[in-house]
Amino acid sequence: YSVKNGLLMVDNSAFEFSGYNDSVASTYVDLVNQAADALAGKTKVYCLAIPKSIGVVVPDDIQAICSSVPDMNDQIEKVFAKLSSNVVPVRCFDNMMRHRNEYLYFRTDHHWNGIGAYYAYEAFCETKGVTPYTMAQREEVKYEGYFGTLYDASGKDPVLQPADTVYAYKPYSKSATMSFYQSDGAYIKSWPIISSAKNYNCFAASDQPLAIFQNPEVTDGSVCIVVKESFGNAMMSYFVDHYSTVYEIDYRYWKGDLATYAEEVGADDMIFANNIMMISTTILVGMLADNVQ
């Protein structure tokens, strides 16, 4: 292995170092707890802490000798230990480790692939007590030729070739639809949940302040809110199969109060789906704080 431009390089893969600040993570958890306590008895709140690739994919022998590779499960468990009794932790780390030799994360980008997001969704379903729809039950979309953010950060190091392949899986529910509001307030009435963008932007129209997913095949009127940064995008095609309506909120761009909004839309569930690096990044946690009154 080597370190180049602040990246860990292993074979033909690049990994972003993922720091952890326990004090900032405590602030994040306080915000999740505050929202959950305000919604107690009305909305069930879940905390899904997503591991970064460096803590899952990097081989054990390199993790053992490279002190900069974090014990990501330890970080996640520190977060969960701070949760109030009104928040349900979703432990996806073990499930992702069981599948760590699959194409969970991109080699040239800091995000996960649709396959990694699937195994986190599977863990959520286990926690919630519902049966996940399998990848085999879904239409697979595959895009070749993707070079992501870490490729650029590496100086386009040729060792990272060949390009990544994006794997995405459409909802099992064929009639599920998506609309969204852009940062400028414009409303896009219809957009494919998995689009033809041949990169990470194919997932749920990328980062929008508010997206609304309707699933007429789920007739119980159930409502879920997903509070997320970009890692959440790749999970939306999975979540939509289990609710009549899902509201996806990107806390970095949306303005409002999460608990108030959950009451307005009658949310049954609220899922905080964020990666562990975001959970302990001051500026991002500050953005979340703007939406928890």
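Computation of the quantities below employed the complete heavy-atom set of this structure, encompassing side-chain atoms and omitting hydrogens, waters and symmetry-equivalent molecules. These figures come from a predicted structure and were not determined experimentally.
- Side-chain contact check for D152 versus F147: every heavy-atom pair is 4.5 Å or farther apart.
- More than 12 non-hydrogen atoms from other residues, nucleotides or ligands lie less than 6.0 angstrom from CD1 of I65.
- Two different hydrophobic clusters hold Y253 and L284 under the rule that ILVMFWY side chains link at heavy-atom gaps under 4.5 Å.
- Using a 4.0 Å cut-off between a side-chain N of Lys or Arg and a carboxylate O of Asp or Glu, E77 and R91 qualify as a salt bridge.
- Rounded to the nearest 0.5 angstrom, D290 CG and W254 CH2 are separated by 11.0 Å.
- Relative ring orientation between F106 and Y146 is described as perpendicular, the plane-to-plane angle rising above 60° on a 0-90° scale split at 30° and 60°.
- Across every non-hydrogen atom of I115 and L104, the tightest pair is CG2-CD2, 4.0 Å.
- Ion pairing between K78 and D74 holds under the 4.0 Å rule for side-chain N and carboxylate O.
- Between Y187 and Y181, the ring-plane angle classifies as tilted under the 30° and 60° cut-offs.
- The pair K128-D268 fails the salt-bridge criterion, with no side-chain N (NZ, NE, NH1 or NH2) lying under 4.0 Å from an Asp/Glu carboxylate O.
- Of the options I279, V285, V29, I283, a side-chain contact (heavy atoms from CB on, under 4.5 Å) to V24 is made by V285 and by none of the others.
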### Task
Verify ring-ring contact (aromatic ring centres under 6.0 Å, His included) between H242 and Y121, making sure each step is shown before the conclusion.
CA-CA 11 Å; H242 299 277; Y121 151 77; 5.6 Å; yes
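- You'll find the side chain of K52 reaches within 4.5 Å of the side chain of F231, heavy atoms only.
- Around atom NZ of K156, no more than 12 heavy atoms belonging to other residues, nucleotides or ligands sit under 6.0 Å away.
- The shortest side-chain heavy-atom distance between Y28 and T281 does not fall under the 4.5 Å cut-off.
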### Message
Working note: F239 + F124, criterion ring-ring contact (aromatic ring centres under 6.0 Å, His included); need CA distance, chi angles, decisive distance, verdict.
### Response
CA-CA 9 Å; F239 287 144; F124 170 75; 5.4 Å; yes
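- Counting heavy atoms from C-beta outward, K170 and I193 have side chains that stay 4.5 Å or more apart.
- Of all the heavy atoms in A205 and M178, the pair that sits closest is CB-CE, 3.5 Å.
- In terms of heavy atoms, L150 sits closest to L160 at O-CD1, 4.2 Å.
- Contact check on R100 versus D60 returns a salt bridge, with a Lys/Arg side-chain nitrogen under 4.0 Å from an Asp/Glu carboxylate oxygen.
- For Y169 and Y118, the distance between ring centers is not under 6.0 angstrom.
- In this structure the side chain of C125 never reaches within 4.5 angstrom of the side chain of Y133, judged on heavy atoms.
- With contacts defined as side-chain heavy-atom distances shorter than 4.5 Å, the pair Q293/T260 does not qualify.
- Salt-bridge formation is detected for the pair D207/K228: a Lys NZ or Arg NE/NH1/NH2 atom is positioned less than 4.0 Å from an Asp or Glu carboxylate oxygen.
- How far CG of L48 is from OG1 of T127: 8.5 Å, rounded to the nearest 0.5 Å.
- Between Y247 and V223 there is a side-chain heavy-atom pair separated by less than 4.5 Å.
- Within the 4.5 Å cutoff, the side chain of R107 has heavy atoms near those of the P162 side chain.
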